[in-house]
Amino acid sequence: MKKIALQKDTTVTTYRIHYEQELNAAQLEAVLHTDGPALIIAGAGTGKTRTLVYRVARLVENRIPPENILLLTFTRKAAREMLRRAAVLLDGRCQRVMGGTFHSFAYLILRRFAEFIGFSPNFSVLDQTDAADTIQLVRTEVLGKQKQRFPTKETLRSLFSAVVNLQRSLSDLVEERYPQFLGVVDRIEEVAQRYRTYKQQHQLMDYDDLLLYLLQLLQDYPDIRRQLGNEFRYVMVDEYQDTNYLQHQIVIELVAEHRNIVAVGDDAQSIYGFRGARIENMQDLPAVFPECRIIKLEENYRSTQPILNFANVILQNSVELFPKHLYTRKQGGDKPAIVKTETEQQQSQYIVQQILEFVEEGIPLSEIAVLFRAAYHSMDLEIELQKARIPFQKFGGLKFSEAAHIKDVLAHLRLMLNPTDAVSWHRVLLLLKGVGPRTAQRVVEAVASGKLQIGRSNDFSSFGKAASSIESLFRLLGKSATELSTPADQLFAVLEYYRPILWDRYDDAQRRWNDLETLLSIADRYEHLEGFLTDIALEPIEGSLEAVQPVSPEEEILTLSTVHSAKGLEWKVVFLIWMVDGRFPPPQAQESIERMEEERRLFYVACTRAKEHLILTYPEQMYSREHGRVLTLPSPFLQELPPDIAEHYIVVESEE
DNA sequence: TACGGGAATATTTTT
DNA sequence: TATTCCCGTA
């Protein structure tokens with residue numbers, strides 16, 4: 001007789017995570033949803049990230065290979081953070097999930113299939129300033145001697161980008177945004193055309209190209225589309241309300257086979273319209289996938305009820321959004337405060353003083369943030385914070401890696417990688433004494449024709465007094481290949497070379513030098529120069545140029561941030577400064593209803609960052625360029641609020 | 001051809 | 001306010 005024994009049935013999965021206990025009903029429904037399309041509409045603070053994190057874990061627990069899961073987020077930081085949390089929740093397998101932005105994902109895929117779109121796998125990625133510099137190159141070609149008024153490189157770049165992201169014609173956009181340039185639209189078109197071919201010839205892609213070519217690849221090669229569809233069998237997209245047309249199409253192509261798409265978003269938080277974001281993408285999803293399940297998360301876990309009431313009122317005044325009502329089970333809490341100060345300085349002093357009081361009460365600096373509409377709005381406050389020795393980190397505005405000295409140094413590194421990069425040659429050569437555009441051009445041509453070559457001895461005698469400095473540049477670039485093996489080594493050599501140039505060019509050289517040392521510590525994490533440079537292009541280093549006081553441990557730093565950069569984050573205490581007409585919203589936005597609506601959503605995003613205390617401030621006076629000191633009006637968003645939704649205060653000065 | 005000085009110009013948000 | 005543009009001078 002056969003002996004019968006028991007063995008564990010491994011085909012029945014037992015779960016390590018107690019999903020039912022740790023999630024609310026709606027969240028649970030979203031997490032347990034495995035196959036097929038789903039749209040999760042998640043209000044602010046309703047545990048959207050938590051839901052995504054648990055869903056990643058759940059899929060992995062369901063034995064779906066992590067490599068087959070794709071998590072697309074708005075920043076790479078967000079993706080990393082979610083996967084880290086999933087790994088803590090479950091185990092290290094979650095770290096193997098593919099996560100990143102649309103752009104970083106596109107980069108990865110395009111490298112793999114570069115040949116299909118006529119590129120080499122080593123193409124480089126242009127960040128915004130690189131793109132503008134490249135445009136400048138063709139711009140001068142097209143323009144020649146003519147001195148008719150013509151858009152600047154940055155204007156051109158934003159125009160070209162809008163053409164791609166908004167899917168509109170160049171002439172339409174020129175007419176709408178820059179009617180003064182309607183007369184030269186043909187030449188603008190010519191620059192656009194040349195820019196396109198220039199990029200192709202030199203193996204360059206800007207941000208828009210990454211999306212454009214990925215979509216093209218998916219649409220033109222069904223085999224590749226199927227292959228990728230199988231590989232990324234489960235796709236999750238965060239912040240769907242801020243995807244643009246191209247990104248939406250990419251998603252549709254990618255999930256065409258398996259239809260496993262989970263999109264998460266909140267139409268009330270769409271704030272990237274200027275970049276082509278379309279709320280409609282979210283609304284379209286059920287039309288594209290009729291079997292799409294719709295799940296709403298409405299219970300808020302972040303804020304107190306008075307803050308939510310305030311936020312709800314903001315949306316009530318919106319003309320186009322679906323009514324939305326956030327609620328919480330949290331009891332109590334103060335009403336938001338609206339504080340009028342006389343001047344900007346008084347506003348800053350008030351904030352500093354309040355921060356100190358909150359710290360006194362035991363709220364750590366890391367739980368406090370000051371938000372504002374535009375990066376430059378915090379200038380005065382930054383000075384006051386420095387005086388009070390409150391350490392802070394600033395997000396938004398000019399990026400660390402966009403600063404001139406950083407770009408200078410990176411240009412040298414790019415030449416080490418790719419000696420045919422004309423834009424970098426220009427940048428690097430113009431740093432030298434006695435070298436102007438003409439000489440730079442000569443050098444670029446000589447390199448292209450092989451008359452000059454990095455890594456061998458050259459004859460520079462024709463360059464007159466600039467000869468010796470050009471020679472030392474070539475010596476530096478020639479060094480790289482043989483003697484320097486890591487990105488950090490290479491950067492170190494560049495810094496040695498660049499140091500005297502820096503001190504000669506900038507009064508604040510020491511501060512900039514500190515930035516460069518920071519850059520060195522970042523480079524140290526990389527093995528290959530290529531990866532280092534691409535990462536910097538795809539994910540410009542956040543944070544201000546202002547040296548963050550390095551003394552204090554990281555948790556003890558105050559956050560200053562634009563509202564845009566604060567998206568998805570939360571703090572116990574949130575200040576929102578400059579709630580003044582013309583600052584929030586800015587004047588340009590007031591020209592159209594759509595843009596005003598976006599500003600309103602932005603205001604909503606700002607207010608829903610606060611967990612316990614929300615404090616809005618506005619000075620009664622401000623300086624304007626033309627008129628000097630002028631009186632302000634409170635932001636229209638404040639004026640339309642019912643009086644009892646917040647407490648109103650006026651700052652009065654008193655002796656100690 | 002380089003470069004300095006002064007004028008013009010844009011100035012919201014970001015991958 | 002800071003960068004870019006334009007022009008005259010060396």
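Naming convention: chains lettered A, B, ... in sequence-line order (proteins, then strands); numbering from 1 in each chain.
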message: Looking only at the side chains, is there a donor atom on one of A:Gln441 and A:Glu445 sitting less than 3.5 Å from an acceptor on the other?
response: yes

message: For a quick test of reading the model: is some side-chain N or O of A:Thr152 closer than 4.0 Å to OP1 or OP2 of C:dC5?
response: no

field: Distance in angstrom units between A:Trp578 CH2 and B:dT13 C1', rounded
entry: 18 Å

- prompt: Given atom CD1 of A:Ile536 and atom C1' of B:dT15, what is their separation to the nearest angstrom?
  reply: 15 Å

Side-chain donor or acceptor of A:Trp578 paired with backbone N/O of A:His377 under 3.5 Å: yes

message: Against A:Asp408, only a single residue in A:Arg414, A:Arg427, A:Arg512 fulfils salt bridge (Lys or Arg N to Asp or Glu O under 4.0 Å); can you say which?
response: A:Arg427

- line: Out of B:dT14, C:dT4, C:dT1, minimum distance to the side chain of A:His564 belongs to B:dT14

query: Base, sugar-phosphate, or nothing for A:Ala589, non-hydrogen atoms under 4.0 angstrom?
result: nothing

task: Could you tell me the separation between the CG atom of A:Leu569 and the P atom of B:dT13, rounded to a whole number of Å?
output: 17 Å

- request: Take the angle between the ring planes of A:Phe460 and A:Phe463 and call it parallel below 30°, perpendicular above 60°, tilted in between.
  value: tilted

task: Can you tell me the distance, in whole Å, between the CD atom of A:Glu344 and the P atom of C:dT1?
output: 11 Å

Which atom pairs link the protein and nucleotides 2-4 of chain B when you take only N or O atoms and keep those under 3.5 Å?
residue: B:dA2; atom: OP1; partner: A:Gly436; partner atom: N; Å: 2.5
residue: B:dA2; atom: OP1; partner: A:Thr439; partner atom: N; Å: 3.4
residue: B:dA2; atom: OP1; partner: A:Thr439; partner atom: OG1; Å: 2.2
residue: B:dA2; atom: OP2; partner: A:Pro437; partner atom: N; Å: 3.4
residue: B:dA2; atom: OP2; partner: A:Arg438; partner atom: N; Å: 3.3
residue: B:dA2; atom: O5'; partner: A:Gly436; partner atom: N; Å: 3.3
residue: B:dC3; atom: OP1; partner: A:Gly434; partner atom: N; Å: 2.7
residue: B:dC3; atom: OP2; partner: A:Val435; partner atom: O; Å: 3.4

task: In whole angstrom, give the distance that lies between atom CZ of A:Phe150 and atom P of B:dA10.
output: 14 Å

- prompt: Whole Å only: how far is the CG atom of A:Leu210 from the C1' atom of B:dT14?
  reply: 14 Å

task: Check every atom of B:dT15, B:dT13, C:dT1 against the side chain of A:Gln128 and return the nucleotide holding the closest atom.
output: B:dT15

Rounded distance (Å) that lies between atom P of C:dT3 and atom OH of A:Tyr376: 15 Å

Atom-to-atom span, NZ of A:Lys77 to C1' of B:dT15 - whole angstrom: 14 Å

message: Give the residues of residues 97-108 of chain A touching DNA chain B, defined as any heavy atom closer than 4.0 Å, sorted by residue number.
response: A:Thr101, A:His103

Nearest-nucleotide 5' precedence on DNA chain B, A:Pro586 against A:Arg442: A:Arg442

field: Residue-phosphate contact under 4.0 Å: A:Thr155 side-chain N/O, B:dA10 OP1/OP2
entry: no

query: Where the side chain of A:Met379 is concerned, which of C:dT1, C:dT4, B:dT14 is the nearest nucleotide?
result: C:dT1

- prompt: Using 30° and 60° as the class limits, which term best fits the ring planes of A:Phe74 and A:Tyr272: parallel, tilted or perpendicular?
  reply: tilted

- request: Would you check if A:Tyr272 stacks with the base of B:dT14, given a 5.5 Å centroid limit and a 30° plane limit, both strict?
  value: no

Full working for side chain to side chain donor-acceptor pair (under 3.5 Å) between A:Glu597 and A:Ser318: CA-CA 7 Å; A:Glu597 285 300 298; A:Ser318 156; 2.9 Å; yes

field: Heavy-atom pair of closest approach, residues A:Leu110 and A:Leu210
entry: CD1-O, 3.4 Å

- prompt: Residues two or more places apart in sequence or in another chain: which of them pass side chain to side chain contact (heavy atoms under 4.5 Å, CB included) with A:Asn244?
  reply: A:Asn165, A:Leu211, A:Leu246, A:Gln247

- line: Of A:Phe113, A:Tyr213, A:Tyr107, the one forming a ring-ring contact (aromatic ring centres under 6.0 Å, His included) with A:Phe119 is A:Tyr213

message: Salt bridge check, A:Lys48 against A:Asp266: does any charged N sit closer than 4.0 Å to a carboxylate O?
response: no

